[in-house]
Protein chains: 2
Amino acid sequence: MARPRSIDDPELMAKLSGVFREEGYDGASLADLARAAGLQKASLYHRFPGGKAQMADEALADALAWFADNVLVHLNGAGAPRARLDEALANLAVFYDDGRLACLLNMLSAPEGRKRPFDSGVKAGFAALTDGFAKVARDAGATGKSADSRAIRAVALLHGGLVMARGMGDTRPFSECLSAIPETLLADTLHEGDTR
Amino acid sequence: MARPRSIDDPELMAKLSGVFREEGYDGASLADLARAAGLQKASLYHRFPGGKAQMADEALADALAWFADNVLVHLNGAGAPRARLDEALANLAVFYDDGRLACLLNMLSAPEGRKRPFDSGVKAGFAALTDGFAKVARDAGATGKSADSRAIRAVALLHGGLVMARGMGDTRPFSECLSAIPETLLADTLHEGDTR
DNA sequence: GTCTATAACAGGATAGAC
DNA sequence: GTCTATCCTGTTATAGAC
């Protein structure tokens, strides 16, 4: 999506992503990133000539790729909508460590008109997830317009749950919101309070 | 809640809040804040001896006070649940400028264990809003446990909608999420797709 | 109370040795 | 490719005149 991606150490990217997810783009200093990576700042600049912006860029591309492989593939795949959705939600719970880890889409989208070329990646990430949820809703029988509405609400529940979990220092809001997503997307086939 | 609050220029606080909401805590430099306030950096330090942290602290206290006066007062007031909720949602739409302005609760909650004494304010803000929504749900007939779940989902919809709107540069997700809140809180009395 | 000026420091980024 | 050492800029913060 974003960059052709040369071969790079996945472990390194994971460490860098962790810093960005915890500190945000501005909050993450090169010292933080170097410490987490176990490298010197100059070494990071050898891997990322574009500096911090490139690190964030690749971290985002990495996350989007993981999303595509572990979440979207289920949402957009074949099979029963509810089963597909459960697979995707289970992997989302893993990705966000049950609400303990923030989302790069939120952490990298702060400033409005300024620099940051992340905007297109962030936008694409939200759109891809929304589309995936919408497909599940349509496959479950929702009309196109209703499916779109439900998908937006589902994405908002996911990210709102993450924001709440981080802000309150409590992962329960995230769990609550995740469990609300099936009802939100598939209300025709599920009744509130049923066996789940 | 946070500080006794000496008499301070509301206009100044509004300007500073705007910078924090747009740039985030780390992204907001003193130069940004001074420019927005129309003051010199040293003047800001005269008003806020505690520096940037105090500015953010007071901005948050300010926002919480506005919330209490314009949102919570309706949610926790008397009258028909739906009418109270509509009042609160209308004011929320104003506060967030229909999704164009981010929420301080999100912008100030980034780092986990670090410094930042905002955590208690952020937590209190989420809790107060959740409690207000829960009260509306209970008054509309929901059981205590169901009301709590619905309230968490409503808060998540609100903040998730804001995150989406900012990330996608489009206010429609925010509007969609706002309109989903009544259904979420009052599902017993409203059916999806009714006249609103 | 607000200004000009500046000190003290951290952050991002490079040079060059190995 | 990774290190040590360093530069330069922007940032936080303070001193002192008005």
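No hydrogens, no waters, no symmetry mates; every other heavy atom, side chains included, goes into these values. Reminder, nothing fancy here: chain letters follow the sequence lines and each chain counts from 1.
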[X] [atom1] to [N] [atom2]: how many Å, rounded?
X: R47(B); N: dC3(C); atom1: CZ; atom2: C1'; value: 17 Å
X: Q40(B); N: dT4(C); atom1: CD; atom2: C1'; value: 8 Å
X: H46(A); N: dA13(C); atom1: NE2; atom2: C1'; value: 15 Å
X: L44(A); N: dA13(C); atom1: CG; atom2: C1'; value: 12 Å
X: L12(A); N: dG1(D); atom1: CG; atom2: P; value: 13 Å
X: R35(A); N: dT2(D); atom1: CZ; atom2: C1'; value: 19 Å

Quiz item: For the residue pair H159(B) and F126(B), does the interplanar ring angle fall in the parallel (under 30°), tilted (30 to 60°) or perpendicular (over 60°) class?
Solution: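 Tilted: the ring planes of H159(B) and F126(B) meet at 30° to 60°.
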
Practice problem: May I ask you to decide if the ring planes of Y25(B) and F20(B) are parallel, tilted or perpendicular, using 30° and 60° as cut-offs? | Solution: parallel

Practice problem: Could you check if a side-chain atom of L16(A) sits within less than 4.5 angstrom of a side-chain atom of F48(A), using non-hydrogen atoms only? | Solution: yes

Quiz item: Within less than 4.0 Å of OP1 or OP2 of dC3(D), is there a side-chain N or O belonging to S43(A)?
Solution: yes

Name every donor-acceptor pair, under 3.5 Å, that has one atom in a side chain of residues 65-81 of chain A and the other anywhere in the protein, sequence neighbours excluded.
residue : atom : partner : partner atom : Å
N70(A)  : ND2  : W66(A)  : O            : 2.9
H74(A)  : ND1  : N70(A)  : O            : 3.1
N76(A)  : ND2  : L72(A)  : O            : 3.4

Quiz item: Is it true that D131(A) and K135(A) have a side-chain N and a carboxylate O under 4.0 angstrom from each other?
Solution: no

Quiz item: Does a salt bridge link R47(A) with D9(A), judged by any charged N lying under 4.0 Å from a carboxylate O?
Solution: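 Salt bridge between R47(A) and D9(A), a charged N being under 4.0 Å from a carboxylate O: no.
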
Quiz item: In the 5'-to-3' direction, what one-character label does each nucleotide of nucleotides 11-18 of chain D receive under the scheme B = base within less than 4.0 Å of a protein heavy atom, S = sugar-phosphate only, - = no such atom?
Solution: SBBBB---

